[in-house]
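Here's the structure, in structure tokens; my notes come after.
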Amino acid sequence: MEVLFYIAAAVTLLATVRVITHVHAVHALLYLVVALIALALIFYLLGAQFAAALEIIIYGGAIMVLFIFVVMLLGPLAAEQEKSWLTPGTWVGPSVLALVLLGEVGYLIAAGDHLPIDFMETREKGVSIILYGPYVIGVELASMLLLPGLIGAYHLGRRVPKESR
Amino acid sequence: MLTTHALVLAIMLFCLGLVGLLSRRNILYMLLSLEIMLNAASLAFIAGGARWGQADGEVMFLFILTLAAAEVSVALGIVLQLSYRFQTLDADAFSEMKG
């Protein structure tokens, strides 16, 4: 368990350093996805299975797709630029880091060294009970945050006509 | 022991995000650095919840996730507007308010 944690932590740090030092946005996003998946593995090793699943689905899926859409909208994607982005050298680094993580997951599945099921169940049940119990005001505040976020994103995302600038 | 090292990792990730936020001038990278810092904060909450065996850390992770989703959608809209109006993503170019 500890060794897996340290390997995943090293992968996270390496990928994060590559994110903040990279020049091309698409490459930085590739490394950020790897960092998020490594972080999800760390969450799993810390016993937070539900948080690990959410980290992959929402962070690694939804939010990264938003980023990639915006990067694609920003620059005119000429063919030669796409070719320079998709050379084999660019995805070797993220692929190696992701393969390390895949090896860790395979080891976890093969070893069967999981937390007992009943412990996992009570922890997840505790999350939902406490979320709609003492923290229900936080759920209300989150809904009040998401609706202005939706309206604001719709308003800001429009392309303004030239004469009204 | 594992949770202590997870907290150390959270501190290192937060510092990396802060360095990226302060050193990069491309507004998209500043946004990515903000995401890294939010992730470090949620890792600290998860580690705290695992240390005491309570579910509060994961509840705070859910709230941070909601906050990040709302923040990213609005901030990416702002990035699109800035690129339409100024034709650049350099944060130093957005100085019309003379702040």
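All figures in this text were calculated on a predicted structure; none of them were measured in a lab. Just so it is clear: chains get the letters A, B, ... in the order the sequence lines come, proteins before strands, and each one is counted from 1.
Interface check for chain B: of the options I63(A), I129(A), T21(A), the most heavy-atom pairs under 4.5 Å are formed by I63(A). Ranked by heavy-atom pairs under 4.5 Å with chain A, the first of N39(B), T66(B), L16(B), L76(B) is N39(B). Chosen from V19(B), L31(B), T3(B), the residue pairing most often with chain A at heavy-atom distances under 4.5 Å is L31(B). Most heavy-atom pairs under 4.5 Å with chain A, from the set I78(B), L28(B), L43(B), L67(B): that is L43(B). Chosen from A68(B), S33(B), A69(B), the residue pairing most often with chain A at heavy-atom distances under 4.5 Å is A68(B). Ranked by heavy-atom pairs under 4.5 Å with chain B, the list L45(A), L150(A), I130(A), L29(A) is led by I130(A).
In terms of heavy-atom proximity, A28(A) sits nearest to L32(B) at CB-CD1, 4.2 Å. For the residue pair M12(B) and L13(A), the shortest heavy atom distance occurs at CE-CD1, 3.4 Å. The heavy-atom pair separating V74(B) from G149(A) by the smallest distance is CG2-O, 3.7 Å. The shortest heavy-atom contact between A153(A) and S73(B) is CB-O, 3.8 Å. Pairing each heavy atom of I46(B) with each of A51(A), the nearest pair is CD1-CB, 3.6 Å.
By the rule that hydrophobic residues join a cluster once side-chain heavy atoms approach within less than 4.5 Å of another member, V100(A) and V105(A) end up as members of one cluster. No continuous path of ILVMFWY side-chain contacts below 4.5 Å connects L14(A) to L30(A), so the two sit in separate hydrophobic clusters. The hydrophobic cluster containing I57(A) also contains F50(A), counting ILVMFWY residues as joined when their side-chain heavy atoms lie under 4.5 angstrom apart, directly or transitively. With hydrophobic clusters built from ILVMFWY side chains whose heavy atoms lie under 4.5 angstrom apart, I20(A) does not share a cluster with I11(B). I7(A) and Y107(A) fall within the same hydrophobic cluster, defined by Ile, Leu, Val, Met, Phe, Trp and Tyr side-chain heavy atoms under 4.5 Å apart, directly or through other members.
Evaluation of the salt bridge (charged side-chain N to carboxylate O under 4.0 Å, His left out) rule for R25(B) yields D92(B) as partners, not counting sequence neighbours. Applying the side chain to side chain contact (heavy atoms under 4.5 Å, CB included) rule to I151(A) yields the partners L147(A); only residues at least two apart in sequence or on another chain are considered. Every ring pair (Phe, Tyr, Trp, His ring centres under 6.0 Å) that Y31(A) has, sequence neighbours left out, goes to H22(A).
The closest side-chain heavy-atom distance from L145(A) to F63(B) is not below 4.5 Å. At a threshold of 4.5 Å between non-hydrogen side-chain atoms, the residues L80(B) and L156(A) do not count as touching.
Within 6.0 Å of the OH atom in Y6(A), the count of heavy atoms belonging to other residues, nucleotides or ligands exceeds 12.
Aromatic ring orientation, F61(B) versus F43(A): perpendicular (interplanar angle above 60°, classes split at 30° and 60°).
The parts of F67(A) that come within reach of chain B are both its backbone and its side chain, each placing non-hydrogen atoms under 4.5 angstrom from that chain.
Each of L39(A), L36(A), T16(A) was scored for a side-chain contact (heavy atoms from CB on, under 4.5 Å) with I36(B), with one residue passing: T16(A).
Taking CD1 of I42(A) as the reference point, atom NE2 of H5(B) lies at 13.0 Å (rounded to 0.5 Å). To the nearest 0.5 angstrom, Y29(B) atom OH is 11.0 Å from L32(A) atom CG. Rounded to the nearest 0.5 angstrom, L38(B) CG and Y59(A) OH are separated by 4.5 Å.
At a heavy-atom cut-off of under 4.5 Å, chain B is reached by Y135(A), G138(A), V139(A), A142(A) from residues 135-144 of chain A, listed in order of number.
When atom types are taken as modelled, the side chain of E58(B) and the backbone of V127(A) share no donor-acceptor pair closer than 3.5 angstrom.
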